[in-house]
Amino acid sequence: MQETIEQQPVANYHRHVNYIKIWAILLVLLIVSLIVGMIGYQFFAVWMIFTIAVVKALMVVAYYMHLLWEPKFLWLAVGFAVLCLFFLFLGVVPDILLVKLQLAH
Amino acid sequence: MKFLPENVSTYGGAIDSLGLLITVTVGACLLIAEVVLIAAAIVYRQREGKPASYIQGECWKQLKWIMIPVIIVVLLDCFIDAKTHTTWVLIKGGTPKADQTVRIVAQQYYYSFTLAGADGELDTADDITTINELHVPVDANVIFELEAKDMLHSLWVPALRLKQDALPGRTITGWFNATTPGEYEIACAELCGVGHSAMRATLLVHTTDSFDRWQAEELAPVTSAIEQNATGATP
Amino acid sequence: MDTSDTMTHDVASIPAMSEVPRGRIAMWWLVASEIVIFGGAVCCYLMFRFRHPEWGALAAHTSTPMGALNTLVLLTSSLNMVLAHSAAERQDIRAACRNMIMAMLLGCVFLVVKAIEYTAEIRQGYTITADLFWSFYYLLTGLHALHVIAGVTAIFFVMLSASKRRHLHRVEMAGIYWHLVDIVWLFLFPLLYIAG
Amino acid sequence: MSTHHAAKPGFLGRYVFSTDHKVIGLQYLITGVLMAFIGGYLAYVFRMQLAFPGNSIPGFGELVPQQYNTFVTMHGTIMIFWVAMPVLLAGFGNLLIPLMVGTEDMAFPTLNMLSYWVFFLSTVVLLGSFFVPGSAFAGGWTAYPPLSADGYVGTPFWDGLGGHLWILAVALEFVAFLMGGINFLVTTINMRAPGMKWRRMPIILWMLVIAVLTFVFAVGPLIAGAVMLLLDRTLHTGFYNPAAGGDPILFQHLFWFFGHPEVYVLLLPSLGIICEIISVFSRKPLFGYRAILYSTIVAGVLSFVVWAHHQFIAGIDPRMSSFFSITTIMISIPFAIVIFACIATLWRGSIRLTTPMLFALGAIAEFLIGGVTGIYLGSSALDIYAHDTYFVVAHFHYTLIPVVFFGGLAGIYFWFPKFVGRTTNELLGKVHFWLTTISFNCAFLPLFILGIAGQHRRVFDYSAFPSLMAGELTMLRQIATYAVIVMLAAQILFVVNVVISFLRGPKAENNPWQANTLEWSVASPPPHGNFDPYPAVYRGAYEYSAPGRSEDWWPQDAP
């Protein structure tokens, strides 16, 4: 992580891509996820919808926020944040889902 | 270790010996580290004409002086982990076959204990409910179902080496087996409000005979009521 | 700190200062800290969503068309913001300000739609205390709405200074934040509306 | 504060609403030290209650159970969040980072000032909560629901005001440290002097950076959790209420997911201070810079997967306990490397036992005890017995006091000449050290024994427990209490030393300790803008006693 900063090229400035094209793709993805949602609530649909959400988010991050052209240590910052959430989820989920409960409903 | 309360449970010995293991191994490491630290600070005091050595500790030849102790620490860690794991599984990993079943309900600021009785089923006629007194027979596997009504509480029996938090909304199952008859303190080890300090109960471990006698005495009114019912019903 | 490095008298041939503008680095750390805040809340929601399958029925009461409309609004608003950024880099102040105004307006549209949704739900009795699902719904969307308000405010001030050709690099900073708000919604929408 | 700046800001601008990192650092430091006295006073009151239950306490009066809970809660909160964090992270971070990386100020000076004032506001809110009806929060510093959520009995808003303010204060504080922390990161990433490569940075900067990263990544879920707790308290939602489908254990997880990394947020800056001081006063390079650095990074990452060792017996899944027990015991390895490297730095050195050095060595010696007793608690099976007893209390005081108190004092004595421009009195400092060390051990060693005897925590009065009222145990509690009083009294020496030195201590040279790092190359105290001209860096920070040089130090900026 430390080395990458120094090795970054001086000319940062990200290329500007065709933002309207990205927007159109995002829109199509939105419509696809809505259609998938209308089919029903099966396992497949849920996975599809969330995969599409992740793809959409990655596109925004990569092209609108220009993470594609940022130094690697910023990727690490975002990546480690997501990794921490993953740790949190894995550590907590057994206690929420695998316990004998006496809940109100 | 005269301050440690006497152990009266079957698994308490395992915890005590784990404590001893850690004390001996880790204590020895601590002692060595402290001695080296203090000795170094004294021996290498500033002296005229004796400059410090230029040691960076970047090459393996120098680093081994810390890496060898670290490897020893790693080995001790593994050893402690292994023993910890077996002890933990013994105590919290599951429950043995029940000789007695008891429901423990913790609330501000007392415990109520419901002993399942001879049939081993809770919520039947031969249940005995007591407040702040837990009666169990000696040498019996007692399975408890721990519940909390309002706040977090923690069932804490030092003599049994037993501690388990009680949470509202879930039933936590655990067990113990007391080996010596007598009276022992039960406390609440989790802050549960203003009266936390006064939340105290007693564990009474009976010999088998005296437990049967106590049970019979407690059940006497219930038994007579059932008998009366029975005689009343048959014309 | 290897020996060769410390013993030779090289005056740093490499400039240590990184070439990424400091504001942008700061924005990304802000993004990272927001990810763990929203992510933490979403993790909690997910766990409870798995625990309570019956929430599916409750989630059906959220208005998917409204949510979809809001997704569209935020995506378009993000597009405006990134166009403003590229215009600001071309020193095209008019286009930058126009796009930022559009972004802000769309942000306000988002809030209005949200307010209509809230009103409808509360009218039906789905208040924050009605059920844990609704508690999570208001928590997540409420936190997000606060971020939308903050984002609109930030864009407003950036636009004021940009219109005087000052701090043009801040357009990008505001943009990064605004896209983050957009991304959070991209996840909240399926979580609370579609796959509910 | 001598400044050769053209436009001199007025008194307010220079000392109160200053954007100068040195002033902000001192503001954080002084606020933290003052809060330490409040926290110490609370400790005095409840220690007296424990030693002499039922008696009126000199300087306070009669203590009732509710007040006892409040005091214990506020003692913990203040000492962790309003003393350790501002002193170690914000105080030393602000003072040292720009000077050590060789730049004029933080990356965002205004944000930095804002960070302090948000922190100040949080302090006011926290202290104000003592004076609201119902007094301050009494649910333990860990704030476990349902107790912290008032048990879902529908407490009216105003009756729980102390608790709401507590959450608000902690949240404001987190915001302040997030602002400050992002500033630290950007400054270290972006504003290093030419030649200040990552591998040449003083280790304390690395430690501060890793501490900030740990803080930033760990605090998020707790912020979400705190909002949920506040909603539970005020609107009576059910996030932590099992009757509504929530779960109280969720908060415990969110709390400790932050709470454990938080320990390292405090530990790392302090370890950094200790490393600096030990290297300077042994006149030797820091042993194993890279080993220390990599171990610290490993420890930082590992700290995210150990949190549930605080919950072994809290009703979590027993299989998870096994996992967390292993990771917890494994985290001792990187710290063993760091501590051993510190000890190895002493080896064949030329040690000067000045006051800062004494405090640094004392910190290591005491921290070893704290670290080692952590193994007892990290071992899940033994934790069944030790959890929630005074063994835990003794353990974390043996980690936090060396780290915060000894480490912090070592840093204050070490950098006092630099930032105040006057030197402290060595004799007073040494007496202060020995009194503090001896009384500290007398105060907390007995607590280990009490913990082994089964004395459980957060209890107002043990008279309900005959076994804990045994003569010896009562005596141990009294010894601990007397020792705490001595320890608090010993701090008067520190105050006297600092005040007298500030007023009429001998003027300090630029580099009284003959140290290498960049802050010693400028005037004491450093002028506004720090460097003129900007320094260039030629080597790492630990070139002490380099062979072939007449002097035994070699500043980083000397060609």
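Letters A, B, ... mirror the listed sequences (proteins, then strands); counts begin at 1. Computed from a predicted structure; not experimentally measured.
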Per-residue contact mode, D:Ile331 against chain B (heavy atom under 4.5 angstrom): neither
Proximity breakdown for D:Ala470 and chain B, heavy-atom pairs closer than 4.5 Å: neither
Proximal component of D:Ile339, with respect to chain B [non-hydrogen, under 4.5 Å]: neither
Any B:Asp165 side-chain heavy atom under 4.5 Å of D:Gln311 side chain: no
Sub-4.5 Å side-chain heavy-atom contact between D:Thr389 and B:Trp156: yes
Chain D contact via B:Gln164 - which portion, at a heavy-atom distance below 4.5 Å: both
Interface residue of largest heavy-atom contact number with chain D, from B:Ile15, B:Val73, B:Thr23, B:Asp77, under 4.5 Å: B:Asp77
Shortest non-hydrogen contact from B:Ala187 toward D:Phe465: CB-CE2, 3.4 Å
Closest non-hydrogen atom pair, D:Gly288 against B:Glu58: C-OE2, 3.8 Å
Least distance between heavy atoms, B:Pro168 atom then D:Pro248 atom: O-CG, 4.0 Å
Separation of B:Leu76 CG from D:Ile375 CD1 (nearest 0.5 Å): 9.0 Å
For chain B, the option from D:Pro65, D:Ala291, D:Ala341, D:Pro466 that forms the most heavy-atom pairs under 4.5 Å: D:Pro466
Ring geometry between B:His196 and D:His456 (parallel below 30°, tilted from 30 to 60°, perpendicular above 60°): perpendicular
From B:Leu21 atom CG to D:Ser379 atom OG, the distance as rounded to the nearest 0.5 Å: 9.0 Å
B:Asp81 and D:Met330, any side-chain heavy atoms less than 4.5 Å apart: yes
Side-chain donor-acceptor pair present, D:Ser467, B:Tyr184, cut-off under 3.5 Å: no
Side chain to side chain, D:Asp552 and B:Pro51, heavy atoms closer than 4.5 Å: no
Heavy-atom closest pair, residues D:Phe312 and B:Trp88: O-CH2, 3.5 Å
B:Ile172 portion near chain D, given a 4.5 angstrom heavy-atom threshold: side chain
Spacing of SG belonging to B:Cys188 relative to CG belonging to D:Asp388, to within rounding of 0.5 Å: 8.5 Å
Contact origin within B:Leu167 toward chain D - heavy atom pairs under 4.5 Å: side chain
Which atom of B:Ser197 lies closest to which atom of D:Ala464, heavy atoms considered: O-CB, 4.2 Å
Donor-acceptor under 3.5 Å (D:Arg458 side chain, B:Leu191 main chain): no
Choice from D:Gly349, D:Ala336, D:Ser325 maximising heavy atom contacts with chain B below 4.5 Å: D:Gly349
Atom pair CG/CD of D:Leu147 and B:Glu190 - distance to nearest 0.5 Å: 9.5 Å
Contact class of B:Ile186 relative to chain D, heavy atoms under 4.5 angstrom: backbone
Closest heavy-atom pair and its distance - B:Pro5, D:Ile452: CD-O, 3.5 Å
Residue pair D:Leu450 / B:Phe3, side-chain heavy-atom distance below 4.5 Å: no
B:Lys163 (side chain) donor-acceptor with D:Ile313 (main chain) under 3.5 angstrom: no
Any side-chain heavy-atom pair of B:Ser154 and D:Arg457 under 4.5 Å: no
Side-chain touch B:Gln56/D:Glu543, heavy atoms, less than 4.5 angstrom: yes
CZ (D:Arg283) with more than 12 external heavy atoms under 6.0 Å: yes
Inter-residue atom distance B:Gln46.CD - D:Phe281.CZ, 0.5 Å rounding: 11.0 Å
Residue B:Lys50 versus chain D: region with a heavy atom under 4.5 Å: backbone
Note, B:Arg161 side chain near D:Ile384 side chain (heavy atom, < 4.5 Å): no
Leading residue by heavy atom contact count with chain D [cutoff under 4.5 Å; candidates B:Ala198, B:Ser53, B:Cys59]: B:Ser53
Most chain B-contacting option - heavy-atom pairs closer than 4.5 Å, from D:Ile329, D:Leu468, D:Ile343, D:Leu346: D:Ile329
Top contributor to chain D interface from B:Val74, B:Val157, B:Leu152, B:Thr86 [non-hydrogen pairs under 4.5 Å]: B:Leu152
Top contributor to chain B contacts, counting heavy-atom pairs under 4.5 Å, from D:Tyr544, D:Tyr385, D:Phe340: D:Tyr385
Region of B:Met67 in contact with chain D, defined by heavy-atom distances below 4.5 Å: side chain
Which atoms of B:Ile55 approach chain D - backbone, side chain, both or neither, heavy atom under 4.5 Å: both
